[in-house]
Structures are given as C-alpha cells and as structure tokens.
Amino acid sequence: MTGITGAADVVVVGAGIGGLVAAHTLAVRGLRVVVLEAADQAGGPIRGGALAALPGVPLDLGAESFAVRGGVVEDLAEELGLTVEAPARLTAWGYAAGRAFPLPAAGVLGIPARPWAADVRRAIGWPGVLRGSLDRVLPARFVDTTDLGTLTRSRLGSRVADRLVTPVAAGVHSAPLDRLDVAAVAPGLLDAYARTGSLSRAVASLRAAAPPGSAVRGIDGGVHALVDALVERLDVRPGARVVGVERADVDWLVRTGNGQVLRAPRLVLATRPEFGPLPAAGGLALPPAPERGADIRLVTLLLEAPELDAAPRGSGMLVAPGTAPGAVRAKALTHATAKWPWLARRVRDAVGPGWHVVRLSYGRMGEPTPAPTAEEAARDASALLGVDLTGRVRDSLHQRWDGSLPPPTPAYRAAIKEFEQAVLAEPGIDATGGWIAGTGLAAIVGHARRTAERFGEPGTARNGAF
C-alpha cells in the first residue's frame with residue numbers, strides 16, 4: 001500500500017455512536033484521531049430529522065431513549081453540554097391476542113417479579129397466573145437457559161412468554177425470544193436465578209438493586225443531539241469507505257475507496273469490517289458473518305387529534321406478533337408527544353394544542369418488511385391507541401434501517417467473545433460498536449469508553465500532514 005496521504009495517532013473505522021465516543025474519549029486525552037465513515041453522514045441509527053410541517057422541531061429517526069444503568073450516557077451528555085430529560089410518568093402498554101393492557105410495573109424485559117400481581121393478571125389471565133406462580137415452588141433444577149424464550153417458558157409458562165416477554169424483549173431486539181441470548185439481553189439475570197432458585201425472585205432482586213425512578217432517559221432536542229455534538233468536536237470524514245488494512249512495521253495503513261491512505265499506530269474497528277481477515281501477526285479473523293438482523297421501518301405521524309391529549313395508552317405500546325387477518329403489523333408504537341415533555345412543548349409552540357407525534361416501528365427478524373404507508377400506520381395506531389385516527393394524519397416521515405444490528409443469539413455472542421479475546425492479544429488494535437457491544441446506547445457507549453481507555457498516551461503518531 002503506497003501513497004500515504006496522512007498520519008494520526010488513531011484511525012477509527014466507523015462513525016456510529018460507538019466510533020464517535022471512542023474517538024472523543026481518545027481526542028480528549030490529546031490524541032490526534034481521524035474517523036472514517038462509509039456513509040454520507042455519521043450516526044448510524046442515532047440520527048435526526050424533521051417533518052416538513054414542523055421544520056423547526058427535531059425528531060429522532062432511530063433510538064429515542066437510553067437506559068440509565070451505569071450512568072455512562074448521562075455522563076457523556078453532561079460532558080457535551082446537553083440536557084438530559086426524564087420521560088413523562090406514564091405507564092407503557094402491551095398489545096397481545098388483540099387486546100391492550102398496561103405492562104406490569106415490576107419486571108425485567110416483561111418477566112414479572114410477582115406473577116400473581118393484579119397488573120400481571122390483566123395481561124395473562126388466571127390460567128397464566130396459576131402457571132406462572134409455579135415458578136416459586138418448582139425446584140431450581142427445572143430450568144432451561146438455552147435462550148430467553150425457553151428460560152421463560154420453563155419457569156413461568158407460555159402465557160407469560162407470549163403475552164408479556166414477547167412484546168417487550170422481541171420488540172426491543174427485533175428477534176424471536178428463542179434467538180435471544182439471556183446473558184446478552186438481561187445481564188445479571190442468570191446469576192440472580194442461581195442465587196434465588198426462581199425466575200420471578202431473580203427479577204425481583206434485580207429490580208430491588210436498580211436505582212429508583214425511570215429506567216430510561218432522553219435528551220432535550222433528541223438523542224441524536226449526541227451525534228451532532230460529537231461530530232462538531234472531531235475530524236469525521238464521511239464517504240470514506242475502508243477497502244484495505246495492513247501492517248507497516250508497528251503501524252497500520254488504512255486505505256479508503258476515495259483515495260486516502262492513513263498511517264497510524266492505533267486502529268479502532270467501530271463497524272463490522274468487510275475487507276476480510278486482518279493481516280496482523282498470526283492473522284486476526286473476524287467472527288463468522290452474523291445472521292441478518294431485521295429490516296426496520298419507522299413511520300412518524302403528525303396527527304391532529306385532541307383525543308390523544310389524555311394519552312390513552314400512556315407513553316406507547318409494545319406489540320406481540322399477530323397472525324389474524326387485519327392484525328396490527330407494527331411491533332411498537334411510541335406516543336412521542338406524551339412521552340417526552342420537551343417535544344410536547346415544541347409541537348405545541350409550533351402548531352398549537354391538540355397535535356401529536358406518534359411513531360410506529362415495523363420489522364421482525366426472518367420476516368419481510370414491506371414499507372408501510374402512512375394510511376396503514378394510521379390504522380395500526382388507531383387499533384393500538386383506541387382512537388380513530390384515519391383521516392387525521394397531517395404529515396408523515398419514513399425511515400428505513402436495513403439489517404439493523406446482528407441479533408444477540410447465543411452462537412453470535414460466543415463468536416464475538418472469542419474475537420474480543422483475539423483482539424486484546426494483538427497490539428495496536430481494538431474493536432467496539434453495536435456489532436460487538438450489543439443493543440442499546442448504554443451498552444455501546446460504555447464499551448466504547450472502555451475500548452478507548454485501553455490505548456496508550458499521546459505522542460506516538462508519525463509525522464505527516466493531513
């Protein structure tokens with residue numbers, strides 16, 4: 001590889017939130033960092049936009065909240081001068097077997113802490129309660145931890161799995177329960193089960209150890225403000241797809257499709273590379289190609305519907321798959337102006353009271369995801385919210401995310417763990433991003449911070465002009 005065009009202390013491949021956080025952490029320490037991004041803009045699924053009818057009101061086109069665990073995202077937002085905001089104190093709802101119900105307050109991924117609680121009974125009925133309550137008396141050895149679905153069914157029965165855990169866990173991860181690795185999607189749950197001998201007791205112990213208050217937060221102006229603030233502070237180069245990487249003594253040479261060849265002693269892979277095994281000492285092969293994630297379609301609706309002022313379904317709904325003719329196809333609905341006070345204020349200031357922003361998500365792993373029309377989304381929203389919204393759509397915004405993140409299956413997580421161990425043994429290279437850290441901003445930001453902190457101090461970059 002010849003014709004070097006620049007040098008840096010670190011080259012980061014991928015300008016998703018993981019790559020940007022790793023780059024920012026390194027840059028703050030005085031390292032010269034270049035971020036290469038194949039797409040025409042940074043952020044990946046942490047991206048913003050606006051409705052044509054509300055041009056001054058920012059909207060998230062991907063993730064719109066983050067888990068508070070660990071405090072890593074809140075710390076980052078504070079560092080960037082952004083305002084973290086809690087969602088309105090509204091109940092989230094579920095939708096299964098053609099009916100809506102408030103999701104139980106005490107649970108983890110829909111797994112209830114008290115199977116006999118009134119809010120659980122409304123969702124699963126007495127047959128489900130009786131089966132779920134057996135979890136407290138069954139010996140601990142009667143369990144199957146192969147995946148989240150078999151774990152839940154083995155201890156709590158099918159009604160809990162189908163009507164509570166499926167809407168929540170499958171909705172969040174866009175994959176069936178029997179494809180979800182328990183340790184990846186519910187950290188600490190298996191350890192808690194080993195201590196308590198009961199799945200519901202394990203959930204109760206995790207809930208008791210969690211900090212009080214809402215488990216999620218947002219950002220005034222949208223979660224995508226994180227990306228905007230990071231890009232302003234970094235040397236991010238969009239449209240620079242990496243097509244080759246090779247060793248040059250102790251350095252890395254990174255070549256892009258637009259003619260850049262960068263030399264750096266440190267390399268961070270923040271997106272799954274597509275250029276094959278890295279020719280490091282002994283060879284550093286990538287984990288096997290993951291199973292394709294779901295193709296996600298998001299439809300944001302601007303509705304003139306004063307009936308929604310009462311937030312009839314709380315902050316939104318998670319939907320179990322339906323098979324009956326005319327069944328709701330959306331897997332989730334967020335009543336954004338009910339959930340986020342900052343957004344409600346801005347919409348009210350722009351168009352007055354009685355206008356609402358509702359977002360519907362489509363796409364499940366292994367299923368085709370035809371693009372929904374605004375009319376179909378309005379029909380689904382009508383069924384979910386219990387309000388006739390046909391003819392009430394004043395504007396809509398459509399966003400597609402093809403392939404999304406690899407599903408956290410047991411096989412893929414095992415391959416990723418093996419790859420991480422190989423990376424740690426190789427000098428001058430590390431990896432981060434959603435493809436390796438897992439789903440959720442808290443997981444990705446925390447992993448990116450730890451990855452960056454493993455690298456050395458400034459002053460080792462080769463001389464060279466950009």
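Each residue takes its place number in the sequence, starting with 1.
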For residues 76-113, the ring pair (Phe, Tyr, Trp, His ring centres under 6.0 Å) pairs (sequence neighbours left out) are none
Any donor-acceptor pair under 3.5 Å from Arg313 side chain to Leu384 backbone
yes
Regarding Arg449 and Thr25, do their side chains bring together a donor and an acceptor under 3.5 Å, going by distance alone?
yes
For the residue pair His24 and Glu79, confirm or rule out a side-chain donor-acceptor distance under 3.5 Å.
yes
Can you check salt bridge (Lys or Arg N to Asp or Glu O under 4.0 Å) on Lys339 and Glu64, steps first, answer last?
CA-CA 10 Å; Lys339 184 174 183 178; Glu64 47 91 41; 3.1 Å; yes
Determine, stepwise, if the pair Arg454 / Asp430 fulfils salt bridge (Lys or Arg N to Asp or Glu O under 4.0 Å).
CA-CA 9 Å; Arg454 285 196 288 259; Asp430 217 323; 2.7 Å; yes
Could you give me the CA-CA distance, side-chain angles and deciding distance for Glu304 and Arg394, then say whether salt bridge (Lys or Arg N to Asp or Glu O under 4.0 Å) is met?
CA-CA 7 Å; Glu304 187 177 4; Arg394 301 297 176 256; 2.9 Å; yes
Over all atoms of both residues, closest heavy-atom pair of Arg217 and Val84:
CB-CG1, 3.7 Å
Step through it carefully: locate the ring centre of Trp435, locate the ring centre of Tyr412, and say whether they are under 6.0 Å apart.
no
As a quick check of understanding, evaluate side chain to side chain contact (heavy atoms under 4.5 Å, CB included) for Tyr193 and Arg201, giving each step before the final call.
CA-CA 7 Å; Tyr193 180 82; Arg201 284 195 181 99; over 6 Å; no
Modelled atom types, side-chain donor and acceptor of Glu307 and His356, under 3.5 Å
no
Assess the residue pair Arg114 and Asp119 against the criterion (salt bridge (Lys or Arg N to Asp or Glu O under 4.0 Å)); give the C-alpha distance rounded to whole Å, side-chain angles, the decisive distance to 0.1 Å, and a yes or no.
CA-CA 10 Å; Arg114 296 188 303 147; Asp119 53 3; 5.7 Å; no
Would you say the side-chain atoms of Tyr362 and Asp295 include a donor-acceptor pair closer than 3.5 Å?
no
